[in-house]
Amino acid sequence: MATYFLATFGCQMNEHDSERIRGVLEEHGWSAASKADAADLLVYNTCAVRESAENRLRGRLGEASRRKKEQPASLVALGGCFAQSRGEKIFAELPFLDVAFGPQNIAELPSLLAAAASGSGPAYAFEDNQFPSAGLPTRRLDPFRAWVQVMTGCTNFCSYCVVPFVRGPERSRPAGDIITEVKRLAGEGVREVTLLGQNVNAYGLDLDPSSRLDFAGLLAQLDGIEGIKRIRFTTSHPKDLDRRLIEAIRDLPSVCEQLHLPVQSGSSFILGRMNRGYTREEYLEKVDQLYEAVPGLALTTDLIIGFPGEREEDFYRTTTLVRECRFDGAFTFAFSSRPGTDAAGLPGRVPEAAVKRRMREIVTLVQEIAAEKNSSLVGREMEVLVEGGSRHGGGQLRGRTRTNKIVNFTGKADPGMIVDVRIESATSTTLSGRR
Ligand code: SAM
Ligand code: SF4
């Protein structure tokens, strides 16, 4: 049987697309190889959000080019956002490539591979298909937790971001399809679902008004599904976060007390240049409402440091916003100029030394606050969904709280069980305890 090796770069959306790539390949007779060396087919599911992702990919492509020289009959396929951003030109850039496909063309992968294997030259597909991936087989690596795509694409055009260019316009998947999928997953033993979209708070706005649900309405429908104990979702856009969603988090038992709400900057001036559609004050007001409605909420965010025009005072505003919001964690990214986006043409590039210093400062601050917040949980009993053995070994188990914090703990439990764990110590990123 022919074997494949798949490497994934980028976000959860790409991880989920990779589950479909595996599903589609395995349905067509391919089986997974544990190492790239041993595989007949190498697939790279790529990311183009930051230059660093592209650089990491280039590092890996050396292995593909070498393999192709040693074994000309092997195949190399490149999918995802980086492939889409290059289009057909990718074959001139990477001559050893056999197949290229966009994030919306996963279903075509087997036929593209067959065409390339027949010796008729490189094969590719980059069309913008309407809800292409719904209904594709998926091959999940986690038996108890699953991703469910509720939307595709993005139409927000934040000035720094390539996503709208590579994943097409924002489109919602019909609620009925989502509900059917979640019921099926529950039947397979899944206990936790994470609903995925670039801006889930805008779910349904593009659907027929006579029959549509908004995102809070969708959550209410999913909340009743037997077997599903936890519902998470990502990503929320602050401009579309409304009262109804806050109440859904407060009132629906399976919706977890956790929210990822990327702010990007604490300066309204920079937020305007980013085309984010909200001010610092509006963001802070929503965070106040969230903490008031949902005590114990874990709030995380994304921050971009060194956006063009970011002055010292703008960065200072980001630090004060981080203090006020008391985030449980933050992904901090140095601004990366992406060809074709509006921000690539903006004046005011921040010197690298200043970006580095600001990055260090913000990372330290985020860690301090996260460590304080986690220490306040010591002594509490928390509900943990068991994932398996702890990465630290030593017979410890690992799981996650409803607030999405990793817990390493001693005691007996099987993966998939939901147990109470007493928290005994904490760092900025993990909790430890005993059941
Ligand atoms: N749709 C989500 C949102 O609006 O929050 C995020 C999608 S994006 C794939 C994930 C994160 O990458 C963004 O929140 C942003 O912080 C970061 N990002 C996107 N483009 C970037 C760029 N050009 N430079 C640095 N960070 C970037
Ligand atoms: Fe990119 Fe903004 Fe869309 Fe998020 S909302 S995917 S940051 S354009």
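Both counts, for ligands and for their atoms, begin at 1 and track the order of listing.
In this structure, Lys183 does not pair ionically with Glu188, as no charged nitrogen and carboxylate oxygen lie closer than 4.0 Å. Salt bridge present: Arg358 and Glu310 bring a charged side-chain N and a carboxylate O closer than 4.0 Å. Ion pair Lys286/Glu282 not flagged as a salt bridge, since none of the NZ, NE, NH1 or NH2 atoms sits closer than 4.0 Å to an Asp/Glu carboxylate oxygen. Salt bridge status for Asp206 with Arg171: absent, with no side-chain N to carboxylate O gap under 4.0 Å. Salt bridge absent: Glu192 and Lys229 never bring a charged side-chain N and a carboxylate O closer than 4.0 Å. Ionic pairing of Arg86 and Glu54 is present here: one or more N-O contacts between side-chain nitrogen and carboxylate oxygen are shorter than 4.0 angstrom.
Thr430 places none of its side-chain heavy atoms less than 4.5 Å from the side chain of Lys405.
Near ligand 1, residues Val49, Arg50, Tyr160, Gln198, Thr235, Pro262, Gln264, Arg276, Asp302, Ile304, Phe333, Ala334, Phe335, Ser336, Arg338 each place a heavy atom inside the 4.0 Å sphere around the ligand atoms.
Of the residues Arg140, Arg139, Arg20, the one that meets the salt bridge (Lys or Arg N to Asp or Glu O under 4.0 Å) test with Glu26 is Arg139.
Below the 2.8 Å limit, atom 1 (Fe) of ligand 2 has as protein N, O or S neighbours Cys161 SG.
Set against the non-hydrogen atoms of Arg276, the atoms of ligand 2 under 4.0 Å away are 2 (Fe), 7 (S). Heavy-atom proximity to His237, at under 4.0 Å, picks out these atoms of ligand 2: 5 (S).
Within a 6.0 Å radius of CD in Glu372, other residues, nucleotides and ligands contribute more than 12 heavy atoms.
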Please table the atom pairs, donor to acceptor, closer than 3.5 Å between any side-chain atom in residues 342-356 and protein atoms at least two apart or in another chain.
from	atom 1	to	atom 2	distance (Å)
Glu352	OE2	Lys356	NZ	3.3

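Every residue meeting the side chain to side chain contact (heavy atoms under 4.5 Å, CB included) condition with Asp251, not counting sequence neighbours, appears here in chain and number order: Glu247.
Residue contacts with ligand 2: Gln264 is excluded, as none of its non-hydrogen atoms falls under 4.0 Å.
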